[in-house]
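So you know, we letter chains A, B, ... as the sequences are listed, proteins then strands, and number each from 1.
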Amino acid sequence: MTILEENVIPLRSKLRLLTTNPPAKQLLKRKGAFQEAPVSKKLELDTMLNGYRTDQRGNGDAVHDSPVATLSNMGNTCFLNSVLYTLRYAPTFLHNLHHLIGDLALVSSRLSQTKAKTSSLGRNVGAITGPSSRSTSSKDLLSLGTSNDIIPKSKVQIVTEKLHELYITMHNLEVKESSDAYQPVALLQAIREANYIFEGNHQQDAHELLVYLLDNIRETCDLLTQQVQQNPDLLTETEIIPSPNSSKIWNVRRSWKKTHKKKEKSAKEAINEEQVNGSSVTDTEDACSVDSGADNAKKKLGYNFVAEDFEGVTLRRTKCLECEGVTERKEPFYDIPVPISVKDTELEGDMSINSASEIYRKACVTSEKLCDANKYLCEKCQRYNEASRDVLFEKLPNIMVLQLKRFTTSSAGIQKVNTYLPTPLEMACFCETCCNVEENEAPPHRYRLCCVIMHLGASMASGHYITYVKASDHLEDYAECSRNMPKGSLSASSSEKSLNFLKYFKPRTIGGSLTDSKSILSKSMMNGVRMCKSMDCCGVKINKNVVENVVNSYPRKHGQEFYNGPEDMWLECDDESVRPITSQEFKEELSYKPNSTSTPYLLFYSKITDVPLD
Amino acid sequence: MANLKPGGQNPRKKVQVSMVICEAEEKRHRSGVNALQIDPALDRLYSAGRDSIIRVYEHERYLHGMEHHTDWVNDIVLCCGGRHLISASSDTTVKVWNAHKGFCMSTLRTHKDYVKALAYAKDREQVASAGLDKSIYLWDINTLTALTASNNTVTTSSLMGSKESIYSLAMNPPGTVIVSGSTEKALRLWDPRNCVKLFKLKGHADNVKALVVSKDGSHCISGSSDGSIKVWSLGGQRCIQTIRVHGDSVWALLATDSFSHVISGGRDKKVIMTDLKNPQNSVVVCVEEAPVLKMCFTADQQAVWVSTSNSSIRCWKLPTEKHFKEEAKMPTSPISLIPGGAAIRQAVVLNDKRHILTKDANENVALYDVLRARKVEDLGQVNFQEEIKNRFKVVHVPNWFNVDLKTGMLTIHLGQDEVDCFSAWVSARDAGIRDCPEPDQKVNYGKLLLQALFEHWRGVEKDPENKLYFTVPKHIPLILSEVGGRTLYRVLVGDTVGDTENALLNETVPNWVISNIEENCTGKFIKVQFYLQPHASVPSHLLKQDRLKKPDRLVANDFIQCRKVAEHILEKLLGDGNASSPGGDADSTTPTNNGYNVDQIELTCNDQILDPAMDLRTVKHFIWKSSADLTLHYRIVNAK
């Protein structure tokens, strides 16, 4: 097994290089191309593209095939579709959701097993003992299925499961290359069941739904953690069960292994220190092994990925100007509200990354003085004094959601503010660490735009939501998954038995462990890197041909090549119509247009941690 | 005049009544000391306390206190050769005092926020005041001291241009230049002779809290919360030296007459003397036990008095050439000490809403009685939390006052209006009134205290209904102020007899206070709404059928005891209910028409059996624990 680990790391780093370097190059290229375009031409292009778009819309949706599965509007459900599209393409989301569902199934099956075991010793015990009783009868399956229902599922959990099911369906549609739009009825039903505010066929706030869904998943994670804590034997039992056929490591055991690896690592480090010009390969190797080690610790059963990926921490620092004592308060958050002034500031579309980032930094990282009638009650001075209050971000999430405060409540009801704010494709991080970096040093994180939910229209009630997402299969999320269970199965269980009965449910997703059939092996390997099987369950599968076709069909009027490969593509998801566009087109879409009511509303940025190369 | 009617365009701000529970003479500072001044001729030290009192020490012995401020005194200046003292306070006023006799001559109310700093130009007898309202006013002291009750208009010049709260101010003796330090992080300069704005000096990274200007007005030293001391050439309009000797904010500065050395103190509790010609050469004068707030030279300039955010003031010997050359060691103890008292740091109002348990800076715990405005028990250094727990009673009385500890003493702010102030009704028995003819008669805490506070102003009522049960000591300061804002009037309870005081009180005391202390009005009781429901065990034949259909919502005064409710049940809900209403002192053992007596009615709330002596607000607060309407269940026990 050690050998396996040794083999894996270089592969992983290889992938890392593959995925991180080219976009950087592309970015440079893109930037260059963009700067070359004269302003007049840009405007021309803008109007033409708009014309092109409306033409296409006028002709109906069936003009081209969609590169991905689509969702149909069931009447005022664009708020739902826009959020579903967004989450689907948000980095790491699908993968983590999959494992959460897997863990849920595992825990509930185990709970029922233990229950069955205590009630009737015998058959079930034999079944658990694993590989020897491979031929599990369908009776067993049924009994397990029904005992699953002994533990009542909460409405919250059902919503989470329905969400996952929806993504499985979308995946299957993509595999079949079906162009039918899918109606997310079941999910909507579950959402409405669990939360009354989404009842009725009204247009809803996409932001509200997003926060609700995230909360929902977080709650599901908490539920799972609770169950595991209440039944600690669930995990130990797994450890006792030998799984000789599996070359994979069950996570608990991996963490045990980790300690061994750490020792190895420290030895390695010692060597590195001796080498003055140590090869960078070893360095990255080390960085990777540290990463995966940390991942292991985190991504155990009931790993709360919502908290990890979407939750940040604000720090409110108040300093009394009299005693100069400082008090700090930390608060977790999901999204950062960005206030927008009603006054139309003269901002042109062509903004450098820095100045655009600066706008957001200034809007989010604030400093105010508590004075006049709004003095601060200092606990030390025991009186109201002037104070300075800084709001900063101790931690920004992996996926940062910026909510542009476009809807303001005034005496005339809720009004929309259409003031233009730039949407940079890349943004400097404004967490405390990055803000405190010395000027000549590069900050440790950056943010890259991955999804945008746009609000079209003049008011909240009459508006329409569309989503732009980065066209990506997010293969890197699945590479070297620490949670990679023997089979890319729903239950993510290590026990052979559960795998066998899963065969009856989803024959397609059944895969063997590495030692199993070759076909599966090929599927689970990509560029020599082992991929998590979950990508074959609910992962995104973009039809590359459609994307290529669309790109090729573009009239090359400007003598410029905007297309930089599929990595540079975006998808415009407008309910059942999903259209690939180049990042250049997307930029145009986001650029300043006078009096436009189609405005970005929710911006999703994914964190990029730059590994310093010494 | 129509617009002066209530509800017109210019409604007067709400007025709040407060009092400070203190000793007849507070000889020691209760809290930090913000400012110091020395009168070398008489060897008198003036100290301005956060406890609102300015104290005078002659030959280091307490002489007298100067009380008139109602909040922290932030700065003082001794002028006219020691005859007068000017003080600046967080009560937003500047006061002029007769320093020798110790009385307040006049109060200047021009500032709109805390007045933080004063500056004095000795040669011109001018004083400037500045504060958080961003304004600087320039006063002519001879005019100020000539003010009388009839001639009370002052003209002042103001120095315009400040953009942020001012924390420090300095002027040179000839009054040719004035410098201000503020949260703007820059120094601003004016010429006080013509009030012309000169220029701004940037360089500090944080608030500027201390300033000194050289006699000739050519140089200036500033101390900032950024931890640095900067020496500025005012002619060159630039910083010529940055001294970093402190590990934290610099809060106090003092320069020698010749401007050769600077003495600085700050948040790091250190006082350091630095040679300005050679800034590397600095000597730690002392390390105090709390952040240093102010320093002043002794008469011979060989030592400094140092005040801190603790109440004691110490005198430390200044280093000489020998110490600078490291030939001698600095003494580690002060040459003189004026001990301070302990500030009250924690106060917990007990459940009876009458007693307050306090803990002071020396960990001493004491018990105060608000109604009598005095300390009733010294408990010594006992466990505070334990003591709170021991004194916990299952009684709920609504809040009728707030406690404020900003001065290190108990300041009691009574409720801001009739509803708040008169919310606490208790029985005379519970209030400890022994000679009351009816122990169950309800008395109101707010009213009792107001009557006591204004006793000497209005005279004691002859009416026995309004008989005064409590008195407060005559030395207790009574403060009338705008809610959350400026002080309107401060007077000692015993002084309210005077004619001028009487007139001023007539102007400031809010009408609702006057009407309530004078008239024999019972006030408005606070009502509790509740439902009464029979327990399943109550035989249905006993219940009146019409009562069963829907639960009636009942309304009662919040101090009604459960026994009363039981009586109501007996009378109205059980049997035929034609009995006459039982009085408050009805003998509960007397059997009623339907054969049950009150003791057999058991009330429960949230499945908890209620004590008949418990009142409804206590039930709601401790057992029901919800803001929703209270629901009580009743059943019959020991049914015959």
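For B:S225, the parts sitting under 4.5 Å from any heavy atom of chain A are the backbone and the side chain alike. With a 4.5 Å cut-off on non-hydrogen atoms, B:R50 touches chain A through its side chain but not through its backbone. Of the atoms belonging to B:T183, it is side-chain heavy atoms, and not backbone ones, that fall under 4.5 Å from chain A. Proximity to chain A (any heavy atom under 4.5 Å) is restricted, for B:W251, to the side chain, taken from C-beta onward.
Between A:K369 and B:S165 the shortest side-chain heavy-atom distance falls below 4.5 Å. With a 4.5 Å cut-off on side-chain heavy atoms, B:K406 and A:N385 do not count as touching. With a 4.5 Å cut-off on side-chain heavy atoms, B:N207 and A:K319 do not count as touching. Using a 4.5 Å heavy-atom cutoff, the side chains of B:D71 and A:R383 are in contact.
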Kindly determine whether A:E324 and B:D206 satisfy side-chain contact (heavy atoms from CB on, under 4.5 Å), including the steps that lead there.
-> CA-CA 11 Å; A:E324 299 183 3; B:D206 206 342; 5.7 Å; no

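With rounding to the nearest 0.5 angstrom, the CG atom of A:L321 is 10.0 Å from the OG atom of B:S249. Note that the SG atom of A:C371 and the OH atom of B:Y114 stand 11.5 Å from one another [nearest 0.5 Å].
Listed options B:P291, B:G32, B:S90 were ranked by heavy-atom pairs under 4.5 angstrom with chain A; first place goes to B:S90.
Under a cut-off of 6.0 angstrom, the local environment of CZ in B:R244 is sparse, with at most 12 non-hydrogen atoms contributed by other residues, nucleotides or ligands. Enclosure of atom NZ in B:K185 is not indicated, since only 12 or fewer non-hydrogen atoms of other residues, nucleotides or ligands lie within 6.0 angstrom. The environment of A:E379 atom CD is sparse: at most 12 non-hydrogen atoms of other residues, nucleotides or ligands sit within 6.0 angstrom. Counting heavy atoms of neighbouring residues, nucleotides and ligands inside a 6.0 Å radius, atom OH of A:Y384 does not exceed 12 of them.
Contact detail for A:E322 and B:K209: the closest heavy-atom pair is O-NZ, 3.0 Å.
Taking the ring pair (Phe, Tyr, Trp, His ring centres under 6.0 Å) definition, one finds that B:Y167 meets it with nothing, sequence neighbours left out.
Here the side chain of A:Q382 pairs no donor or acceptor atom with the backbone of B:G408 at under 3.5 angstrom.
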